[in-house]
Amino acid sequence: MTKILLIEDEKNMSRFIELELRHESYEVQVVSDGRQGLALALREDFDVILLDLMLPKLSGIEVCRQIRSVKKTPIIMLTAKDSIVDRVLGLDHGADDYMTKPFAIEELLARIRVILRRQEDAAEQDMPILVFQDLSVNLDSRIVRKGNEEVQLTKREYALLVTFMENVNRVLTRETLLDKVWGFEAAVDTNVVDVYVRYLRNKIDGPREGSCIQTLRGIGYVMRP
């Protein structure tokens, strides 16, 4: 569940935002002063922080600055101040977005969604994923997909596919595949490579398309469009 920290000292505003966020199925923690908010933000992990600019005990600007010095948690500043100077100050100290009170709750929710999507996109870009045409392999989760459909592979089939996808357009001999997939010391014949290539083709090739794993007679195999 998405976790949001709300640091806001206006009780009515705080309660209203909290109820709306919970209605959207977010998990919400609320604090009313800057020092407590900073401690909580540093101690726990949140997906988004909503931070009022004018807070007791520690200003929103200082809270933002200290959070940003150690964490990349997205911060949306909420404030009654609408001068350009205040906006620039908040953004320069690490805020990701800035909303001036009063604001429509629908706009705040929309901005939260935008930030969450941005986080998801960044996370996906960091994932080690191999892609070839409509095939994809997530090396962390070991999930293989053809288009939107997940493909179930055995351990050997998976290792064989990864080897091909890491060497697109490169000719791989049976001996090379045997070494990479089964290990150099494996007491198996090179014919087992042919058997597993056939298994793999049956799972990743569509019924009306040629195989992306092509046979080079007397040499081995190559993955290419």
Side-chain angles (χ1 to χ4, degrees), residues 1-129 131 136 138-143 145 148 150:
M1 181 180 290
T2 301
K3 290 179 61 177
I4 296 179
L5 173 60
L6 172 60
I7 309 174
E8 169 63 67
D9 65 324
E10 292 182 37
K11 290 185 178 180
N12 290 338
M13 172 70 73
S14 175
R15 184 58 176 162
F16 172 66
I17 295 175
E18 179 186 6
L19 290 174
E20 291 293 333
L21 293 175
R22 292 190 185 281
H23 181 71
E24 295 295 320
S25 299
Y26 295 128
E27 180 181 332
V28 187
Q29 287 188 250
V30 182
V31 294
S32 59
D33 71 71
R35 192 167 297 155
Q36 184 182 3
L38 175 61
L40 188 56
L42 296 181
R43 186 172 67 248
E44 299 185 19
D45 291 327
F46 294 92
D47 297 290
V48 180
I49 296 173
L50 305 179
L51 175 63
D52 187 28
L53 182 62
M54 300 179 67
L55 292 166
K57 298 186 181 180
L58 197 64
S59 74
I61 292 293
E62 184 60 21
V63 172
C64 184
R65 186 188 69 79
Q66 292 195 41
I67 291 174
R68 190 56 73 237
S69 68
V70 294
K71 286 191 170 185
K72 296 181 179 180
T73 311
I75 298 171
I76 300 178
M77 280 214 159
L78 311 175
T79 179
K81 293 187 174 184
D82 62 353
S83 73
I84 296 297
V85 173
D86 289 313
R87 295 185 188 186
V88 170
L89 191 61
L91 296 171
D92 280 349
H93 281 79
D96 296 88
D97 204 348
Y98 193 108
M99 293 197 67
T100 303
K101 302 174 185 175
F103 51 76
I105 191 63
E106 291 80 9
E107 182 179 359
L108 175 60
L109 294 173
R111 294 196 187 196
I112 291 172
R113 289 193 295 270
V114 167
I115 281 181
L116 292 174
R117 281 198 301 270
R118 193 182 303 152
Q119 292 292 99
E120 290 175 0
D121 291 343
E124 287 179 1
Q125 290 174 6
D126 289 339
M127 286 182 182
I129 296 178
V131 177
S136 67
N138 186 313
L139 298 177
D140 277 346
S141 64
R142 298 175 68 90
I143 292 176
R145 294 185 184 280
N148 295 321
E150 187 171 340

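Owing to the predicted nature of the structure, the values given are computational and were not obtained by experimental measurement. Because only heavy atoms are used, hydrogens play no part in the values below, and waters and symmetry mates are left out as well, while side chains stay in. Position 1 is the first residue of the sequence; numbering continues from there.
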Engineer: Quick one: closest heavy-atom pair of Ala95 and Met77, and the distance?
Structural biologist: CB-CG, 3.7 Å
Engineer: Per the side chain to side chain donor-acceptor pair (under 3.5 Å) rule, which among Arg118, Arg68, Arg111, Lys72 passes with Asp96?
Structural biologist: Arg68
Engineer: Heavy atoms, side chains only, cut-off 4.5 Å: are Pro74 and Ile49 in contact?
Structural biologist: no
Engineer: Would you say the side chain of Tyr98 lies within less than 4.5 Å of the side chain of Leu78, judging by non-hydrogen atoms?
Structural biologist: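 No, every pair of side-chain atoms sits at 4.5 Å or beyond.
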Engineer: Donor-acceptor pairs under 3.5 Å, side chain of residues 32-41 to any protein atom, not counting sequence neighbours: which ones?
Structural biologist:
| from | atom 1 | to | atom 2 | distance (Å) |
| --- | --- | --- | --- | --- |
| Asp33 | OD1 | Arg35 | N | 3.1 |
| Asp33 | OD1 | Gln36 | N | 2.7 |
| Arg35 | NH2 | Lys57 | O | 3.3 |

Engineer: Is the shortest heavy-atom distance from the side chain of Gln29 to the side chain of Leu6 under 4.5 Å?
Structural biologist: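 The answer is no; the side chains never approach within 4.5 Å.
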Engineer: Hey, are the side chains of Ile115 and Ile76 touching, using non-hydrogen atoms and a 4.5 Å cut-off?
Structural biologist: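 Touching, per the 4.5 Å side-chain cut-off.
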Engineer: For the side chain to side chain contact (heavy atoms under 4.5 Å, CB included) test, which of Glu18, Glu8, Lys11, Arg15 pairs with Val30?
Structural biologist: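 Looking at Glu18, Glu8, Lys11, Arg15, the match for Val30 under the side chain to side chain contact (heavy atoms under 4.5 Å, CB included) is Glu18.
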Engineer: Given side chains that start at C-beta, do those of Glu27 and Ile4 come closer than 4.5 Å, heavy atoms only?
Structural biologist: no
Engineer: Around atom CE of Met54, are there more than 12 heavy atoms of other residues, nucleotides or ligands at under 6.0 Å?
Structural biologist: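 No - once you tally the heavy atoms of other residues, nucleotides and ligands closer than 6.0 Å, there are 12 at most.
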Engineer: Is Thr73 close to Val48 at the side-chain level, that is, under 4.5 Å between some pair of heavy atoms?
Structural biologist: no
Engineer: Side chains of Asn138 and Arg142, heavy atoms from C-beta outward: is any pair under 4.5 Å?
Structural biologist: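 No - every pair of side-chain heavy atoms lies 4.5 Å or more apart.
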